[in-house]
Amino acid sequence: MITLALSKGRIFEETLPLLAAAGITVLEDPEKSRKLILPTNQPDVRVVLVRATDVPTYVEYGGADLGVTGKDTLIEHGGTGIYQPLDLRIARCRVSVAVRADFDYAQAVRQGARLKVATKYTTIAREFFAAKGVHVDMVKLYGSMELAPLTGLADAIVDLVSTGNTLKANQLVEVERIMDISARLVVNQAALKLKQAPLRRIMDAFASAVNAAEKTPEAA
Ligand code: AMP
């Protein structure tokens, strides 16, 4: 049995065409079913639905043989026990710093300053501001980061930005782009040895599909 860990929403939707390229069809729609284990048209391949932040944990400890998760999640998870063979170039976005439009960010991040930052991405934020020589008081949040500068909880947020519409709707402005993000294929290292042939087949099909999508301009 091959077990693939995915999270609901964008990752699931954007992984479906890659699975199709490997001849795999998921037989149930996670938006309509409460099942956490979804069968596929291949009796020896199943999909497990887990929280995005749990995908690296499932793959690292062998609860899943492979998974799809964002680079942001992998950086925050840390650890070196997960093989990352492929950038799938899906679920693309960026990690950015945002502040209230009336906040003087340039003044706030001068060398040696102190900044109150609210984020779920504490590792990424800490490294970014450390490199700038800015002291950070970190406020760890698990959701709705946009609210923090509006309520005085923080001066700035570090969050994922895609279209920028969420920031705009909350009168926040993106002041720095920290890094570009896309989803990665992650593989359990022991499984890669024990189930080499079926895993290689899926990895190769994903790689070909990613390359084909890159060559098709309208897919970008
Ligand atoms: P947007 O309004 O398009 O800039 O999207 C921003 C919101 O969507 C934020 O709340 C982000 O946390 C979330 N978001 C954007 N891109 C992604 C992604 N690739 N994966 C997960 N969440 C995302």
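Residue numbers count from 1 along this sequence. The figures that follow rest on heavy atoms only: side chains count, while hydrogens, waters and symmetry mates do not. Every number for a ligand or one of its atoms is a count from 1 in the order of the listing.
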Starting from [atom], find the nearest protein heavy-atom neighbour and note its residue, name and distance.
{"atom": "atom 11 (C) of ligand 1", "value": "Leu160 O, 3.4 Å"}
{"atom": "atom 2 (O) of ligand 1", "value": "Thr166 OG1, 2.5 Å"}
{"atom": "atom 19 (N) of ligand 1", "value": "Ala91 O, 3.0 Å"}

| Neighbour count >12 (heavy atoms, 6.0 Å) for atom NZ, Lys132 | yes
| task | Determine whether more than 12 heavy atoms belonging to other residues, nucleotides or ligands lie under 6.0 Å from atom CZ of Arg34. | result | no
| field | Verdict with reasoning, Phe206 to Arg201, per side-chain contact (heavy atoms from CB on, under 4.5 Å) | value | CA-CA 9 Å; Phe206 275 28; Arg201 196 181 60 74; over 6 Å; no
Numbered atoms of ligand 1 (with element) below 4.0 Å of [X], judged on heavy atoms:
{"X": "Gly164", "value": "1 (P), 3 (O), 4 (O)"}
{"X": "Thr163", "value": "1 (P), 2 (O), 3 (O), 4 (O)"}
{"X": "Val161", "value": "4 (O)"}
{"X": "Ser162", "value": "1 (P), 3 (O), 4 (O), 5 (O), 15 (C), 16 (N)"}
{"X": "Cys93", "value": "16 (N), 17 (C), 18 (C), 19 (N)"}

| task | Take Lys120 and Asp159, measure what salt bridge (charged side-chain N to carboxylate O under 4.0 Å, His left out) needs, and give me the verdict at the end. | result | CA-CA 7 Å; Lys120 179 159 96 173; Asp159 195 9; over 6 Å; no
| request: Heavy-atom distances under 4.0 Å are what count here, so tell me which part of Arg10 touches ligand 1: side chain, backbone, both or neither. | output: side chain
| task | Please work out whether any backbone atom (N, CA, C, O) or any side-chain heavy atom from C-beta onward of Asp159 is under 4.0 Å from ligand 1, and answer side chain, backbone, both or neither. | result | side chain
| task | Could you tell me whether Lys116 and Asp155 make a salt bridge, using a distance below 4.0 angstrom between a side-chain N and a carboxylate O? | result | no
| task | Give a yes/no on ligand 1: does Gly70 have at least one heavy atom closer than 4.0 angstrom to it? | result | no
| query | Is ligand 1 less than 4.0 angstrom away from at least one heavy atom of Glu146? | reply | yes
| message | Looking at Arg94, is its backbone amide N or carbonyl O close enough to the side chain of Asp180 to form a donor-acceptor pair, meaning the two atoms are under 3.5 Å apart? | response | no
| Polar side-chain atom of Asp54 near backbone of Thr57 as donor-acceptor pair, under 3.5 Å | no
| field | atom 13 (C) of ligand 1 protein-contacted (non-hydrogen atom, under 4.0 angstrom) | value | no
| message | Protein heavy atoms near atom 8 (O) of ligand 1, is at least one of them under 4.0 angstrom away? | response | no
| field | Linked, directly or transitively: Leu19 and Val187 (ILVMFWY side chains, under 4.5 Å) | value | yes
| query | If two hydrophobic side chains count as joined below 4.5 Å and joins carry through other members, does Ile2 share a cluster with Phe12? | reply | yes
